[in-house]
Visitor: 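My structure is below; once you've seen it, I'll send some questions.
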Amino acid sequence: FPSHDTEHEQATSQDTSTTQAGGISTPSASNPQPDNIETYLAEAFDKENQEYQQYEGLKTQITAIDKAMGSVYPDLYVVGANPGIGKTTLMLQLAANFAKQDKHILFFSLEQSKRALVSKGISREAILTGLANPPTAKQIRQGDRSAAAIKGREAYSRYAKRLNIIDCNFSVTLDNIIDYARQYMEANQVKPIIFIDYLQALSAGSSKQGYRESVDINVKGLKAFQEAHGLIVFLVSSYNRDNYTSTADYTSFKESGGI
């Protein structure tokens with residue numbers, strides 16, 4: 001995936017006589033077997049497994065999902081559904097539940113505003129208080145000061161320091177998101193859980209590719225970034241209109257064979 005960091009990494013590799021071909025180290029006189037499994041087992045395999053095992057016990061805290069998935073491990077998870085089903089609301093709930101487990105969250109919203117999403121979060125916490133007449137997100141935005149609203153905000157604030165909602169617009173590219181995530185990881189020395197809502201709203205940037213091709217490029221670029229850094233990434237995707245009334249499968253995702 002093209003970036004200044006990648007170019008620097010490739011230049012560094014070339015300086016040590018290991019050339020790059022599409023990001024793959026190629027054999028050289030100084031390193032004739034750059035991908036030898038004996039070396040990998042001795043130097044990296046156990047370390048990578050230890051990093052992976054750190055996520056044991058991380059749950060969505062949604063019973064049906066946890067029953068199907070067990071723990072949530074580093075990977076790219078694509079979430080799709082028909083319009084209005086509640087994809088964004090579900091992602092907000094997952095983000096909140098992970099933040100309550102001391103995970104940093106980067107929630108890139110390309111459709112709804114930060115104010116709207118924060119209002120939803122407070123409303124949900126107000127419902128969980130069990131108090132009478134919990135306010136809706138709209139009532140929160142209108143300044144509701146009921147007991148449930150106040151308690152909901154207090155509960156939301158307890159994990160808000162780990163919750164970052166980034167207001168995006170339709171000119172935001174995957175490069176922008178990856179640069180933000182890289183700088184966040186460097187500044188905070190953590191691996192955040194990333195949410196992107198949603199795939200089809202990402203700009204193609206200066207790419208001359210068509211819409212379908214740009215969506216596929218974004219999926220592959222995001223997967224490469226996730227894999228390189230061992231991250232948990234949730235990506236929201238639209239469905240094709242033809243699949244609104246049929247059983248969901250991989251062909252349901254709009255404009256993306258890349259998924």
Side-chain angles (χ1 to χ4, degrees), residues 58-70 72 75-101 103 105-131 133-142 144 148-149 152-153 155-156 159-160 162-170 172 177 192-202 215 218-219 222 232-256 259:
L58 180 64
K59 304 290 186 181
T60 67
Q61 298 183 344
I62 298 175
T63 303
I65 298 178
D66 288 337
K67 183 177 179 180
M69 292 182 61
V72 182
D75 210 335
L76 172 61
Y77 300 91
V78 184
V79 179
N82 291 346
I85 292 294
K87 297 184 293 294
T88 298
T89 299
L90 174 61
M91 293 301 97
L92 283 175
Q93 186 171 347
L94 295 184
N97 290 348
F98 290 138
K100 290 176 182 179
Q101 297 173 76
K103 297 298 182 184
I105 305 297
L106 299 182
F107 195 110
F108 294 92
S109 177
L110 288 91
E111 186 174 34
Q112 298 189 42
S113 71
K114 181 183 296 186
R115 185 167 69 99
L117 299 183
V118 169
S119 300
K120 282 188 175 185
I122 295 173
S123 175
R124 174 173 174 266
E125 292 296 340
I127 293 170
L128 293 175
T129 65
L131 294 174
N133 303 314
T136 64
K138 182 177 181 180
Q139 289 171 329
I140 293 288
R141 293 195 296 275
Q142 291 172 335
D144 189 297
R153 179 165 176 164
Y156 188 72
Y159 57 87
R162 293 180 294 277
L163 184 58
N164 303 272
I165 298 177
I166 301 95
D167 254 332
C168 302
N169 55 47
F170 290 100
V172 167
I177 289 176
I193 297 177
I194 298 174
F195 294 81
I196 300 175
D197 185 18
Y198 60 102
L199 169 62
Q200 286 77 16
L202 279 172
V215 170
N218 283 335
V219 171
L222 185 59
I232 295 172
V233 179
F234 286 88
L235 177 64
V236 176
S237 174
S238 300
Y239 270 2
N240 293 305
R241 285 192 176 91
D242 292 343
N243 293 99
Y244 284 179
T245 58
S246 61
T247 302
D249 59 24
Y250 283 117
T251 64
S252 303
F253 293 107
K254 186 176 181 181
E255 304 291 4
S256 186
I259 293 175

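Note: hydrogens, waters and symmetry copies are ignored here, and every other heavy atom, side chains too, is used.
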Visitor: Looking only at heavy atoms, what is the nearest atom pair of A149 and I140, with distance?
Guide: CB-CD1, 4.0 Å

Visitor: Only counting residues at least two apart or in another chain, list the ones meeting ring-ring contact (aromatic ring centres under 6.0 Å, His included) with Y239.
Guide: F253

Visitor: With a 4.5 Å heavy-atom cut-off, do F98 and T60 have their side chains touching?
Guide: yes

Visitor: Any side chain to side chain donor-acceptor pair (under 3.5 Å) pairs touching residues 79-101, not counting sequence neighbours?
Guide: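 Residue pairs passing side chain to side chain donor-acceptor pair (under 3.5 Å), neighbours aside: T88-D197, T89-K120, N97-R124, K100-E125.
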
Visitor: Heavy-atom distance under 4.5 Å between the side chains of Y198 and S238, does that happen here?
Guide: yes

Visitor: I'd like to know whether CZ of R153 has more than 12 heavy-atom contacts from other residues, nucleotides or ligands below 6.0 angstrom.
Guide: no

Visitor: Please walk me through it: do V233 and F195 pass side-chain contact (heavy atoms from CB on, under 4.5 Å)?
Guide: CA-CA 6 Å; V233 179; F195 294 81; over 6 Å; no

Visitor: Would you find a donor on one side and an acceptor on the other, under 3.5 Å apart, between the side chain of S123 and the backbone of S119?
Guide: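 No; judged by distance alone, with no hydrogens or angles, the pair does not exist.
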
Visitor: Which atom pair, heavy atoms only, marks the closest approach of F170 to A201?
Guide: CE2-CB, 3.5 Å

Visitor: Which residue in the set L235, V236, I232 passes side chain to side chain contact (heavy atoms under 4.5 Å, CB included) when paired with Y77?
Guide: I232

Visitor: To the nearest 0.5 angstrom, please state how far the CD1 atom of I194 sits from the CG atom of L222.
Guide: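 If we round to the nearest 0.5 Å, I194:CD1 and L222:CG are 7.5 Å apart.
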
Visitor: So does D144 get a backbone contact from the side chain of Q139, meaning a donor-acceptor N/O pair under 3.5 Å?
Guide: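 No; zero donor-acceptor contacts below 3.5 Å.
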
Visitor: So D167 and F108, do their side chains get closer than 4.5 Å, heavy atoms only?
Guide: no

Visitor: Using a 4.5 Å cut-off on heavy atoms from C-beta on, say whether the side chain of L106 contacts that of I177.
Guide: no

Visitor: Testing the basics here: between G152 and T129, what is the closest heavy-atom pair and its distance to 0.1 Å?
Guide: N-CG2, 4.2 Å

Visitor: Can you give me the closest heavy-atom contact between L110 and C168, atom names plus distance?
Guide: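 Nearest pair, atom of L110 first, then C168: CG-CB, 3.8 Å.
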
Visitor: Is there a donor-acceptor pair under 3.5 Å between the side chain of D66 and the backbone N or O of Q61?
Guide: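 Judged by distance alone, yes, a pair lies under 3.5 Å.
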
Visitor: When rounded to the nearest 0.5 angstrom, what distance separates CG in L90 from CD1 in I65?
Guide: 5.0 Å

Visitor: Could you walk me through whether R162 and I105 pass the side-chain contact (heavy atoms from CB on, under 4.5 Å) check?
Guide: CA-CA 6 Å; R162 293 180 294 277; I105 305 297; 5.8 Å; no

Visitor: Just to verify, what does V79 make a side chain to side chain contact (heavy atoms under 4.5 Å, CB included) with, not counting sequence neighbours?
Guide: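 Only M91, F234 meet the side chain to side chain contact (heavy atoms under 4.5 Å, CB included) criterion with V79.
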
Visitor: What distance separates I166 CD1 from K114 NZ, expressed to the nearest 0.5 Å?
Guide: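 These two atoms lie 7.5 Å from each other.
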
